[in-house]
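Counting starts at 1 for both ligands and their atoms, in listed order. Small disclaimer: the values here were computed from a predicted structure and weren't measured.
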Amino acid sequence: MWNEEMRSKLQLYFIMGSTNCKQDPEKVLLDAIDGGITMFQFREKGEGALTGTEKINLAQKLQHLCKEHAIPFIVNDDIELALALNADGVHIGQDDEDASTVRKKLGEGKIVGVSAHALMEVKKAIADGADYIGAGPIYPTRTKADAEPVKGTSLIEEVRKTGIRIPIVGIGGINEGNASAVIDAGADGVSVITAISLAADVFERSSALKKAVAGISE
Ligand SMILES: Cc1ncc(COP(=O)(O)OP(=O)(O)O)c(N)n1
Ligand SMILES: Cc1nc(C(=O)O)sc1CCOP(=O)(O)O
Ligand SMILES: [Mg+2]
């Protein structure tokens, strides 16, 4: 789905799981929705992450909030969970299940996002049927311990210079102060975890991020 609808969904893409929150994750998501996020990814990962029924229960609650507000609900890594919940899509990385296999499992109607760190990976993701690319880490991040080296906006610029039009979202260390540079480089949106999930005022921070992004891309 490489159209304007996909690009606008990526504008402010919030990612979160229970380990990223100091408050109740449902409250965090609701405030972020009120602040203007356009897509949500459930990423239950890291030390202390929920598993089994607890993970499924939280996913269902967050999916319900997304449904009520017409926000696409994407599942990180866990294809079986995405299928069980009839989620709107999945996000996978280079170390996860192959994107072409995931596309076959999910079908054409669902969103498949793929992380890429080099032009070759972007081209493979396109061949495998990806709907969008997550390019990162743009800036230093403390959220993902096994993140690749920081790239700045170079990959986004390189992809656009070659004329590739796939929707792209930047990720890694993005906040309201540096988001506009990611859009200027050619991304359709920004993806954030802690700039929103750990904010003292989640509504205020997500509103500010939305202004920083929407002011440029609209
Ligand atoms: C939008 C978006 N972009 C990149 C990632 C990272 O995915 P991955 O490399 O598979 O790492 P994990 O998130 O699984 O730790 C993402 N989740 N979302
Ligand atoms: C989940 C993730 N993936 C990355 C990548 O580079 O692919 S960076 C990252 C963490 C993003 O968290 P924060 O917004 O708190 O920096
Ligand atoms: Mg992954």
K.L.:
Just going by heavy-atom distances, which of L198, I171, N175 is nearest to atom 7 (O) of ligand 2?
P.N.:
I171

K.L.:
Quick one: look up the protein heavy atom nearest atom 11 (O) of ligand 1 and list residue, atom name and how far away it is.
P.N.:
K144 NZ, 2.9 Å

K.L.:
Considering the heavy atoms of G134, write down every atom of ligand 1 situated less than 4.0 Å from one of them.
P.N.:
3 (N)

K.L.:
Out of I174, V169, I171, which one pairs with V182 under the side-chain contact (heavy atoms from CB on, under 4.5 Å) rule?
P.N.:
I174

K.L.:
Does a sphere of radius 6.0 Å around CG in N3 hold more than 12 heavy atoms from other residues, nucleotides or ligands, not counting ones at 6.0 Å or beyond?
P.N.:
yes

K.L.:
Check this for me: does any side-chain nitrogen of one of D131 and R103 sit under 4.0 Å from a carboxylate oxygen of the other?
P.N.:
yes

K.L.:
Based purely on interatomic distance, does I193 place a nitrogen or oxygen under 3.5 Å from a nitrogen or oxygen of ligand 2?
P.N.:
yes

K.L.:
If you measure every N/O of R142 against every N/O of ligand 2, is any gap under 3.5 Å?
P.N.:
no

K.L.:
Hey, is K105 close enough to E80 for a salt bridge, meaning N to O under 4.0 Å?
P.N.:
yes

K.L.:
Between R7 and E4, does any side-chain N to carboxylate O distance fall below 4.0 Å?
P.N.:
yes

K.L.:
If we check side-chain contact (heavy atoms from CB on, under 4.5 Å) with D128, which of these qualifies: D98, V112, I92?
P.N.:
D98

K.L.:
Within ligand 2, which atoms have a heavy atom of V192 less than 4.0 Å away?
P.N.:
14 (O)

K.L.:
Is it the side chain (CB and beyond), the backbone, both or neither of D95 that lies under 4.0 Å from ligand 1, heavy atoms counted?
P.N.:
neither

K.L.:
Give me the nearest non-hydrogen protein atom to atom 17 (N) of ligand 1 as residue plus atom name, then the distance to 0.1 Å.
P.N.:
Q41 OE1, 3.0 Å

K.L.:
Which option out of S115, S191, G93 puts a heavy atom nearest to atom 7 (O) of ligand 1?
P.N.:
S115

K.L.:
Are E158 and K151 side-chain neighbours, meaning at least one heavy-atom pair lies under 4.5 Å?
P.N.:
no

K.L.:
G134: heavy atom below 4.0 Å from ligand 2, yes or no?
P.N.:
no

K.L.:
Between I168 and R160, is any pair of side-chain heavy atoms under 4.5 Å apart?
P.N.:
yes

K.L.:
Tell me which part of D96 gets within contact of ligand 1: side chain, backbone, both or neither, using heavy atoms under 4.0 Å.
P.N.:
side chain

K.L.:
Any side-chain heavy-atom pair from E44 and N76 closer than 4.5 angstrom?
P.N.:
no

K.L.:
Using a heavy-atom cut-off of under 4.0 Å, does the side chain or the backbone of R43 touch ligand 2, or both, or neither?
P.N.:
side chain

K.L.:
Under 4.0 Å from any heavy atom of T143, which atoms of ligand 2 are there?
P.N.:
10 (C), 12 (O), 13 (P), 15 (O), 16 (O)

K.L.:
Which protein heavy atom lies closest to atom 16 (O) of ligand 2, and at what distance to 0.1 Å?
P.N.:
T141 OG1, 2.6 Å

K.L.:
So does D34 pair up with K210, basic N to acidic O under 4.0 Å?
P.N.:
no

K.L.:
Taking only heavy atoms of K144, which atoms of ligand 2 are found under 4.0 Å from at least one of them?
P.N.:
1 (C), 2 (C), 3 (N), 4 (C), 9 (C), 10 (C)

K.L.:
So do the side chains of L119 and I164 get within less than 4.5 Å of each other, counting heavy atoms only?
P.N.:
yes

K.L.:
Output yes when D31 and K27 qualify as a salt bridge under the 4.0 Å nitrogen-oxygen rule, no when they do not.
P.N.:
yes

K.L.:
Any N/O of H117 closer than 3.5 Å to an N/O of ligand 1?
P.N.:
no

K.L.:
Is there a polar contact between ligand 1 and D77, counting only N or O atoms under 3.5 Å apart?
P.N.:
yes

K.L.:
Kindly indicate, with the supporting measurements, whether the criterion side-chain contact (heavy atoms from CB on, under 4.5 Å) is fulfilled by L106 and L83.
P.N.:
CA-CA 7 Å; L106 256 62; L83 287 169; 4.1 Å; yes

K.L.:
Going through the checks in order, is the side-chain contact (heavy atoms from CB on, under 4.5 Å) test met by N20 and I15?
P.N.:
CA-CA 9 Å; N20 304 120; I15 302 176; 5.9 Å; no

K.L.:
Among all protein heavy atoms, pick out the one at the shortest distance from atom 2 (C) of ligand 1; state its residue, atom name and that distance to 0.1 Å.
P.N.:
H91 CE1, 3.3 Å

K.L.:
I'd like to check F42 versus L85 (side-chain heavy atoms, cut-off strictly below 4.5 Å). Are they in contact?
P.N.:
no

K.L.:
How are the rings of F40 and F14 set to each other: parallel, tilted or perpendicular (split at 30° and 60°)?
P.N.:
tilted

K.L.:
Which of the atoms in ligand 1, numbered in the order shown and given with their element, are less than 4.0 Å from a heavy-atom of N76?
P.N.:
13 (O), 14 (O), 17 (N)

K.L.:
Return the residue, atom name and 0.1 Å-rounded distance of the protein heavy atom closest to atom 13 (O) of ligand 1.
P.N.:
R43 NE, 2.7 Å

K.L.:
For atom 12 (P) of ligand 1, grab the closest protein heavy atom and report residue, atom and distance to one decimal in Å.
P.N.:
K45 NZ, 3.3 Å

K.L.:
Side chains of H64 and L62: closer than 4.5 Å at any heavy-atom pair?
P.N.:
no

K.L.:
Check ligand 2 against P137 and write out every atom of the ligand that is under 4.0 Å from a heavy-atom position of the residue.
P.N.:
6 (O)

K.L.:
If I apply the N/O under 3.5 Å rule, does G173 come out as touching ligand 2?
P.N.:
yes

K.L.:
Provide the protein N, O or S atoms situated under 2.8 Å from the Mg ion (ligand 3); waters are not included.
P.N.:
D77 OD1, D96 OD2

